[in-house]
Amino acid sequence: MSENTVDTVPRTSETPLAPEELARVVARDIPAGSYVNLGIGQPTLVSNYLSAEDDVTLHTENGMLGMGPEAHGDEVDPDLINAGKIPVLETPGCSYFHHADSFAMMRGGHLDCCVLGAFQVDRKGNLANWHTGKPDAIPAVGGAMDLATGAKMTFVMMSLQTKKGQSKLVEQCTMPLTGVGCVSRIYTDQAVFLIEEDGVSVRETFGTSFEELQQIVDVPLRPAR
Amino acid sequence: MLNIADSCAQAVAPIHDGATVMIGGFGVAGQPVELIDALIDHGATDLTVVNNNAGNGDVGLARLIQLGRVRRIICSFPRQSDSWHFDEKYRAGQIELEVVPQGNLAERIRAAGAGIGAFFTPTGYGTPLAEGKEAREIDGRHYILEHPIKADFSLTKAHVADRAGNLVYRKTARNFGPVMAAAATTSIVQVAEVVERGGLDPEAVVTPGIYVDTVVRIADPAQTDPREEL
């Protein structure tokens, strides 16, 4: 890497980001007025950082737009749950629909954005997040393929490395794919990556430098323009 | 004509060995608990079951699987923390599994009720779930061919029915109910309340009565706290 690249990628945090901090970064990037689906697990945290002014409408694939926060105590209604099967609340202006409609609005390109977790993403934006590929694993896909393929923008939120230190941003996914060329951005604890037609750019780093990042990730990186 | 059954046992009585049975519900919401229990008691076996999951804990669909009544299951998400009966049967080679992405599952069921012969969907293209399926590029986008899923029977849950068989649902308990009722030769629906004709606002009807064959009233259905099922 040439020396000047080091300066062109802003290091916006001196330490890697905790999931909550990363959720705040993702939330900031969701355009106001969007219809958004947040995947189960880490992506759900993003909802904590969306404000009323953002006017973001949350979709849950089991048949609701305008999903509110988690329900507690007497507010719990067994007939009102999210895709993670957690009881939730309504928001004013919410609506219900059946499963085929719910996925039609996704597949039909009406959903602006979804945020998903991942096992691997590769330089072409291919996503692997449903199956480790281990022969004894029982396959279970849920709505992951529909979301990845259907939303206008698919963001991934994940740790950059596995517990063993391997990069999850890879040259080519080795695990079974969820969707082809669907991911446009990857939010990790160490950096935000943009998947572009001709390569992978780094928009900002957290607690690391562009050069250190390139040591970890086996995909040619460049500073975001 | 709508059949209003006196009991769940009577409602599920026609289900025969070897039948394909769709079961509604996503998590606890919309799960026709009493109808599934009646199917367990009924004893029909060699069933093909269509559901989003493959049973949780030791009750309902999980119990049906444990008893060896299910030969084959078509679902989107079988593996869960408490799907042990399915896991055991699957690893023992005692149950066939077809995993379908959730949106394709819903659309295949919808297609069956809507008389569609097959359809091209982008979901699953380029993944292991597309293996052996016809692929086609249409206007620059890649699709795979998926076929409808029909059933002999559907067991679903709605909130209120009128005597014309029209249904309204509650909140996210609607989920697979409408498409499953339409995709089954005989649809069996449990409801909390049955009202006279004219008792439902026609503008609010979600499932028109033409799709509904049998209704059974369960005034006080089992309601599990959703969190107990996680």
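In what follows, chains are A, B, ... by sequence order, proteins preceding strands, each numbered from 1.
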So what's closer than 4.5 Å to chain A heavy atoms on B/R108: side chain, backbone, both or neither? neither
For B/F86, is it the side chain, the backbone, both, or neither that has a heavy atom closer than 4.5 Å to a heavy atom of chain A? side chain
Polar side chain donor-acceptor pair, A/K168 to A/S159, under 3.5 angstrom: yes
Between B/Y143 and B/F120, what is the ring plane arrangement, given parallel below 30°, perpendicular above 60°, and tilted in between? perpendicular
Portion of B/Y90 that has a non-hydrogen atom of chain A nearer than 4.5 angstrom: side chain
Test your reading of the model: is there a side-chain donor-acceptor pair from A/E61 to the backbone of A/A83, 3.5 Å cut-off? no
Keeping the roles fixed (side chain from B/D152, backbone from B/T20), state whether a donor-acceptor pair exists under 3.5 Å. yes
Using heavy-atom distances under 4.5 Å, tell me whether A/S95 contacts chain B through its side chain, its backbone, both, or neither. neither
Under 4.5 Å, heavy atom to heavy atom: which of residues 94-106 of chain B reach chain A? Give them by number, or say none. B/L97, B/V99, B/V100, B/P101, B/Q102, B/G103, B/N104, B/A106
Looking only at A/E90, A/M106, A/R107, the option with the highest number of non-hydrogen pairs under 4.5 Å against chain B is A/R107
Proximity breakdown for B/R79 and chain A, heavy-atom pairs closer than 4.5 Å: both
Give, as side chain, backbone, both or neither, the part of A/D101 having an atom under 4.5 angstrom from any heavy atom of chain B. neither
Ring-plane angle category for B/H142 and B/Y125, please: parallel below 30°, perpendicular beyond 60°, tilted otherwise. parallel
Closer than 3.5 angstrom, by distance alone: can the side chain of A/T149 be matched with the main-chain N or O of A/D146 as a donor-acceptor pair? no
Counting heavy-atom pairs under 4.5 Å to chain A, which of B/N52, B/V179, B/T172, B/N53 comes out on top? B/T172
Verify salt bridge (Lys or Arg N to Asp or Glu O under 4.0 Å) between B/R91 and A/D136, making sure each step is shown before the conclusion. CA-CA 8 Å; B/R91 293 192 197 288; A/D136 63 333; 5.1 Å; no
Within the side chain of B/E88, is there an N or O that forms a donor-acceptor pair under 3.5 Å with the backbone of B/H85? no
With chain A as the partner, which of B/C75, B/G30, B/A54, B/A29 has the greatest number of non-hydrogen pairs under 4.5 Å? B/A29
Steps toward side chain to side chain contact (heavy atoms under 4.5 Å, CB included) verdict (B/Q80, A/K85): CA-CA 12 Å; B/Q80 294 189 285; A/K85 299 175 180 169; 3.2 Å; yes
With distance as the sole test, does A/T57 use its side chain to make a donor-acceptor pair with the main-chain N or O of A/L65 at under 3.5 Å? no
When heavy-atom pairs shorter than 4.5 Å are enumerated against chain B, which of A/G142, A/G143, A/G63 gives the highest number? A/G142
